[in-house]
Amino acid sequence: MRMRLWPALLLVFVSVFPTSSASAQAKDPFGGDSEIGFWAGFSPQSGSTVGGSPDRKFFLTAIRYSRVLKNWRDIGFRYTIDLVPAAVVFQPKNGFQVLSGGQREAIYGTGISPVGLQLNFRRQKALQPFGEINGGLLYFAQNVPVPGSSNFNFTFDFGAGAQYFFRRNRAFSAGYMFHHISNAETAPHNPGIDNNIIFGGLSWYW
């Protein structure tokens, strides 16, 4: 995974879609141009779509800020950034696979996802489906996901869900994301982890 492409992609999007001054043409009847929120998610079982590290569980919390890049009548396009105060990988103690009667250990990390893009649909409605894509990095207290890999990992995720505005400028969110962790071949071993995360959160807009 080459995360270095993300800043260039963001620059392209920002240059193509003007920020808040352009969004004033189509004000969101429920949310504002800026968002601050909190969300958390859990993956009960890692897969092997891209990564090769099964038998992992993953917990993630994040504080989000977002800003409108462009609004149309029914679609909102936002830039997002997530600060990750806590990420926990529950992996086999031997670092590879949970055998019969084996145990997992919790490895803690923290990080940031500085490049994210989100599309909200049905902007005129209280219930708004959305899709998103994000890129970032995590630093763990030990090698993740196996010995000889790295404490430092890049992340990539994409997902979908819905936001429900129970009040003007306040919304609950819930959804699913595919979340990949990889050291991008910066260490001797790079099996990666594929997480299937169910998440929920709360946001305030202004």
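Worth knowing before you read on, the calculation uses all heavy atoms, side chains too, and leaves out hydrogens, waters and symmetry mates.
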Rounded distance [0.5 Å steps], [atom1] in [X] versus [atom2] in [Y]:
X: Arg78; Y: Arg67; atom1: CZ; atom2: CZ; value: 8.5 Å
X: Phe156; Y: Ile181; atom1: CZ; atom2: CD1; value: 13.5 Å
X: Phe90; Y: Ser43; atom1: CZ; atom2: OG; value: 11.0 Å
X: Asp157; Y: His180; atom1: CG; atom2: NE2; value: 11.5 Å
X: Ile75; Y: Leu119; atom1: CD1; atom2: CG; value: 6.5 Å
X: Arg122; Y: Leu127; atom1: CZ; atom2: CG; value: 5.5 Å

Tell me if the centroids of the rings in Phe77 and Tyr79 come within less than 6.0 Å of each other.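 No, the ring centres sit 6.0 Å or more apart.
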Main-chain N/O of [Y] paired to [X] side chain as donor or acceptor, under 3.5 Å:
X: Glu185; Y: Asn190; result: no
X: Thr110; Y: Val84; result: yes
X: Ser149; Y: Val144; result: yes
X: Arg56; Y: Pro145; result: yes
X: Asn151; Y: Tyr139; result: no
X: Asp194; Y: Ser46; result: no
X: Thr61; Y: Ala86; result: yes
X: Asp33; Y: Val68; result: no

Worked check of side chain to side chain contact (heavy atoms under 4.5 Å, CB included) between Asp82 and Trp39: CA-CA 10 Å; Asp82 288 330; Trp39 64 269; 3.6 Å; yes
What are the two closest heavy atoms between [X] and [Y], and how far apart are they?
X: Phe140; Y: Ala87; answer: CE2-O, 4.0 Å
X: Ile193; Y: Ser53; answer: CG1-CB, 4.1 Å
X: Arg123; Y: Gly76; answer: CD-N, 3.1 Å
X: Gly131; Y: Phe121; answer: N-CE1, 4.4 Å
X: Ile81; Y: Pro114; answer: CG1-CA, 3.7 Å
X: Gly32; Y: Asn169; answer: N-OD1, 3.7 Å

Say whether [X] and [Y] are linked into one hydrophobic cluster, either directly or through other cluster members, by side-chain heavy-atom distances under 4.5 angstrom.
X: Phe154; Y: Ile133; value: yes
X: Leu83; Y: Tyr108; value: no
X: Ile63; Y: Leu137; value: yes
X: Leu117; Y: Ile36; value: yes

Check each of Phe58, Phe42, Phe59 against His179 using the ring-ring contact (aromatic ring centres under 6.0 Å, His included) test, and report the only one that passes. Phe58
For residues Gln91 and Asp55, determine if any side-chain heavy atom of one lies less than 4.5 Å from a side-chain heavy atom of the other.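 They are not in side-chain contact.
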Do Leu202 and Phe38 have side chains that approach each other closer than 4.5 Å (heavy atoms only, starting at C-beta)?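 No, their side chains stay 4.5 Å or more apart.
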I'd like to check the ring-ring contact (aromatic ring centres under 6.0 Å, His included) partners of Phe178; sequence neighbours left out, ordered by chain and number. Phe158
Does atom OH of Tyr164 have more than 12 heavy-atom neighbours, drawn from other residues, nucleotides or ligands, at distances under 6.0 Å?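 Count not over threshold, so no.
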Identify, with sequence neighbours excluded, every residue that meets side-chain hydrogen bond (donor to acceptor under 3.5 Å, both in side chains) alongside Tyr65. Ser34
Between Glu132, Gln118, Glu35, which is the residue that forms a side chain to side chain contact (heavy atoms under 4.5 Å, CB included) with Ser66?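 Exactly one pass, corresponding to Glu35.
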